[in-house]
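Just so you know, ligand 1 is whichever comes first in the structure, and atom 1 is the first atom listed for that ligand. Model, not experiment: these values are computed from the prediction.
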Amino acid sequence: MVAEKIAVIVLAAGMGTRMKSALPKVMHPLAGRPMINHLLDTVSALAPERVAVVVGPGMDQVARAVAPHPTVVQAERLGTGHAVAQARDLLAGFDGTVLVLYGDTPLITLPTLQAMLECRREAPQPAVVVLGFRPDDPGEYGRLAVGPDGLSAIVEYKDATPQQRAITLCNSGVMAVDGVRLFDLVGRLGNQNAKGEYYLTDIVALARADGAACGYVEGRADELLGINARAELAVAEILVQQRLRGAAMAGGATLTDPASVHFSWDTRLGRDVSIAPQVFFGPGVTVGDGVEIRSFCHLEGVSVAEGAIIGPFARLRPGAAIGEGVHIGNFVEIKNAVVEAGAKVNHLTYVGDARIGAAANIGAGTITCNYDGFNKSFTDIGAGAFVGSNTSLVAPVKVGDGAVIGAGSVITKEVAAGALAVARGSQMELAGWAERFRERKRAERAAKNKAKE
Ligand code: UD1
Ligand code: MG
């Protein structure tokens with residue numbers, strides 16, 4: 001079987017004024033990456049021969065985000081048909097099926113796109129297949145006019161009669177079009193309509209007038225949510241999170257309270273990972289088999305190896321590499337540090353720019369003093385070392401394997417392997433001092449009161 005030839009045009013020229021943002025709309029993130037990258041990821045599963053993204057002037061950020069796919073600038077927003085026409089050169093000579101997608105409608109799924117391609121293969125082969133849907137509120141969506149022989153036209157709301165406005169089947173905007181005809185069709189569009197725009201939707205009536213068939217597929221409204229404002233961005237985030245949670249559970253993770261766990265698009269979980277309520281994964285997190293993540297943890301840019309226990313209330317920042325069976329406890333922050341197998345950092349600790357050797361034990365309140373206001377310095381703690389509670393390790397500093405550090409120490413010099421280091425004021429004691437002190441104070445008070453009488 002010859003693989004079907006597919007090209008994709010993504011329309012993303014709109015700035016998205018209703019977002020009230022300096023960022024182009026399609027760059028707003030869902031699960032930690034721009035919405036347009038979600039769409040391109042879905043599309044990549046179809047192995048398209050070419051992908052062209054139509055952007056507005058000055059949208060270099062979008063061009064960088066979609067690279068290596070090429071972009072073309074639509075200098076003036078003259079309508080969706082005009083936008084598609086801008087991709088003509090990028091698709092020159094392409095004779096397969098062209099999918100037209102909107103950058104602000106990123107939740108569409110692979111099976112839906114496949115259903116459209118399937119419809120294109122049916123006889124008589126439709127020149128244009130439109131993805132329709134039935135939203136709860138059809139509002140100002142274009143309406144699909146369907147006759148006995150398939151789709152006859154798309155009517156824009158502003159141009160529709162009351163009878164046409166009563167149609168509940170709406171245009172999602174997504175189309176699969178015969179690549180041989182597409183640019184001829186869009187080249188013939190006019191703009192004599194309510195908005196004075198070149199409507200892509202008019203290619204249906206044009207193709208029908210040419211004697212070609214047109215078809216439609218009905219998609220799900222929750223996949224076709226268009227993001228125009230922040231409130232819709234929030235709804236889309238909920239939908240993306242639901243998918244990510246579903247995928248995590250399908251992959252063998254237990255989520256005690258799925259709705260309270262937030263994933264990034266690239267979170268990778270092993271099997272038998274268990275995640276308690278209220279856990280946040282920023283981008284770049286990999287979690288090994290059998291890891292337990294307790295409530296109220298925040299992880300970003302970290303790897304956690306098999307069998308580790310994290311939290312509750314732990315913050316793992318970029319560059320943390322947590323080894324097998326490590327315990328990271330409450331109110332512990334780890335940044336850019338390797339914590340080797342079996343080590344324990346259980347309470348109230350900051351570890352930054354460091355290595356903690358295997359099976360080392362880091363006492364409560366230990367701080368690596370890694371920053372002097374100018375430079376970051378490294379702390380190296382050997383395997384099996386024991387760092388007493390409330391120790392400050394002033395980097396750069398090294399603690400040898402198996403060394404013991406007394407609680408409350410401020411360690412500024414290297415500690416040899418196997419040594420004990422204690423660096424704190426030594427304790428003194430004055431017998432009976434407390435009672436003498438209280439007596440003196442009581443006498444002073446009595447004298448003061450007497451003077452007032
Ligand atoms: C469009 C459809 C409508 C459909 C609706 C679904 C047309 C004429 N109408 O209407 O039938 O129900 O989408 O959401 O196509 N864009 C450009 N350049 C332009 C104009 C638009 O790149 O010159 C991009 C926008 O950035 C956006 C997409 O095309 O991603 C849709 O444009 P929009 O103006 O939102 O079209 P609607 O009026 O919503
Ligand atoms: Mg729109």
Side-chain angles (χ1 to χ4, degrees), residues 8-19 21 23-28 34-36 38-40 52-59 62-63 66 71-88 90 99-108 128 130-135 137-146 151 153-160 164-165 167-175 177 182 185-186 189-206 214 216 218-219 221-229 232-233 236:
V8 176
I9 300 174
V10 179
L11 303 191
M15 189 53 205
T17 43
R18 278 180 282 162
M19 297 295 278
S21 175
L23 199 61
K25 177 161 74 170
V26 296
M27 292 302 294
H28 280 262
M35 64 175 89
I36 194 164
H38 285 266
L39 183 66
L40 292 173
V53 181
V54 182
V55 298
M59 289 192 189
V62 179
V66 305
T71 51
V72 57
V73 177
Q74 183 191 21
E76 271 184 293
R77 276 184 106 252
L78 301 180
T80 47
H82 180 259
V84 167
Q86 309 308 304
R88 180 193 294 268
L90 290 174
L99 280 169
V100 179
L101 301 169
Y102 290 175
D104 66 356
T105 308
L107 303 182
I108 192 162
V128 182
V130 173
L131 182 61
F133 72 124
R134 295 183 199 273
D137 173 14
E140 299 202 357
Y141 285 112
R143 306 296 207 266
L144 302 194
V146 178
L151 185 63
I154 304 176
V155 191
E156 286 305 288
Y157 180 82
K158 287 205 161 70
D159 302 281
Q164 288 168 327
R165 287 182 181 183
I167 298 172
T168 56
L169 186 61
C170 293
N171 175 29
S172 70
V174 179
M175 291 187 188
V177 188
L182 175 63
L185 290 168
V186 296
L189 291 172
N191 64 351
Q192 302 300 305
N193 51 48
K195 281 192 177 175
E197 287 187 356
Y198 297 91
Y199 291 163
L200 178 64
T201 45
D202 284 346
I203 67 171
V204 171
L206 283 178
C214 291
Y216 71 95
E218 204 172 316
D222 63 353
E223 285 184 17
L224 298 170
L225 170 72
I227 299 168
N228 298 302
E232 286 151 351
L233 184 69

Assess G226 for proximity to ligand 1: is some non-hydrogen atom of it under 4.0 Å away? no
Pair K158-E140, side chain to side chain contact (heavy atoms under 4.5 Å, CB included): steps then yes or no: CA-CA 7 Å; K158 287 205 161 70; E140 299 202 357; 3.4 Å; yes
With a cut-off of 6.0 Å (strictly less than), are more than 12 heavy atoms of other residues, nucleotides or ligands near OH of Y199? yes
Among protein heavy atoms, which sits nearest to atom 14 (O) of ligand 1, and what does the distance come to when rounded to 0.1 Å? Y141 CE2, 3.7 Å
Go through ligand 1 atom by atom and flag the ones less than 4.0 Å from a non-hydrogen atom of A83. 17 (C), 18 (N), 22 (O)
Heavy-atom contact under 4.0 Å between L78 and ligand 1? yes
Please tell me if the side chains of R165 and V155 come closer than 4.5 Å, counting only heavy atoms from C-beta onward. no
Protein non-hydrogen atom below 4.0 angstrom of atom 26 (O) of ligand 1 present: yes
Heavy-atom contacts with G14 under 4.0 Å: which atoms of ligand 1 show up? List them by number with element. 26 (O)
In terms of residue, atom name and distance, what is the protein heavy atom nearest to atom 7 (C) of ligand 1? T80 OG1, 3.4 Å
Take K25 and L233 through the test side chain to side chain contact (heavy atoms under 4.5 Å, CB included) and record every step on the way to the result. CA-CA 10 Å; K25 177 161 74 170; L233 184 69; over 6 Å; no
Does ligand 1 have any atom sitting under 4.0 Å from a heavy atom of H82? no
d(T168 OG1, D137 CG) to nearest 0.5 Å is 12.0 Å
Residue part near ligand 1, for K25, under 4.0 Å between non-hydrogen atoms: neither
Test item: D159 side-chain N/O and A194 main-chain N/O as donor-acceptor pair under 3.5 Å: yes
Atom indices of ligand 1 within 4.0 angstrom of G142 heavy atoms, with elements: 3 (C), 4 (C), 11 (O), 12 (O)
Among I154, D202, N171, L200, which one has a heavy atom closest to atom 4 (C) of ligand 1? N171
Under a 4.0 angstrom heavy-atom cut-off, which atoms of ligand 1 come close to Y199? 8 (C)
Any side-chain heavy-atom pair from M175 and L200 closer than 4.5 angstrom? yes
Sub-4.0 Å heavy-atom contact, E140 with ligand 1: no
Exactly one of D202, N171, V128 should register a side-chain contact (heavy atoms from CB on, under 4.5 Å) with I154. Which one does? N171
Would you mind reporting whether Q86 and I9 have side-chain heavy atoms less than 4.5 Å apart? no
Hey, which of V186, T80, V100 is the one that makes side-chain contact (heavy atoms from CB on, under 4.5 Å) with I203? V186
Answer side chain, backbone, both or neither: which part of R143 comes under 4.0 Å from ligand 1, heavy atoms only. neither
Can you name the atoms of ligand 1, numbered from 1 with element, that are less than 4.0 Å from a heavy atom of D104? 30 (O)
Nearest option to atom 19 (C) of ligand 1, as decided by whichever heavy atom of G173, G79, A12 sits closest: G79
Could you identify the single nearest non-hydrogen protein atom to atom 1 (C) of ligand 1 and state the distance to 0.1 Å? Y102 OH, 3.5 Å
So, does S172 use its side chain to make a donor-acceptor pair with the main chain of L131 at under 3.5 Å? yes
Could you tell me whether atom 29 (O) of ligand 1 has a protein heavy atom closer than 4.0 Å? yes
Given the protein's heavy atoms, is any one of them under 4.0 Å from atom 35 (O) of ligand 1? no
Criterion side chain to side chain contact (heavy atoms under 4.5 Å, CB included) on V55 and V66, from CA distance to verdict: CA-CA 11 Å; V55 298; V66 305; over 6 Å; no
Knowing that exactly one of V53, I227, I36, T105 qualifies, which makes a side-chain contact (heavy atoms from CB on, under 4.5 Å) with V26? I36
Distance from atom 38 (O) of ligand 1 to nearest protein heavy atom, with residue and atom: K195 NZ, 2.9 Å
L11 heavy atoms within 4.0 Å reach ligand 1 at atoms 22 (O), 24 (C), 29 (O), 30 (O)
Row check, Y157 ring normal vs R143 NZ/CZ: under 6.0 Å, within 45°: no
Return the residue, atom name and 0.1 Å-rounded distance of the protein heavy atom closest to atom 21 (C) of ligand 1. R77 NH2, 3.2 Å
Carefully, step by step, assess L144 and I167 under the rule side chain to side chain contact (heavy atoms under 4.5 Å, CB included). CA-CA 7 Å; L144 302 194; I167 298 172; 5.6 Å; no
Quick test of your reading of the structure: of M15, E156, K158, Q74, whose heavy atom lies closest to atom 17 (C) of ligand 1? Q74
When you look for heavy atoms under 4.0 Å from ligand 1, do you find them on the side chain of A13, its backbone, both, or neither? both
Ligand 1 atoms in contact with T201 (distance to a heavy atom under 4.0 Å): 7 (C), 8 (C), 9 (N), 11 (O), 15 (O)
Side chain or backbone of C170 under 4.0 Å from ligand 1, or both, or neither, by non-hydrogen atoms? neither
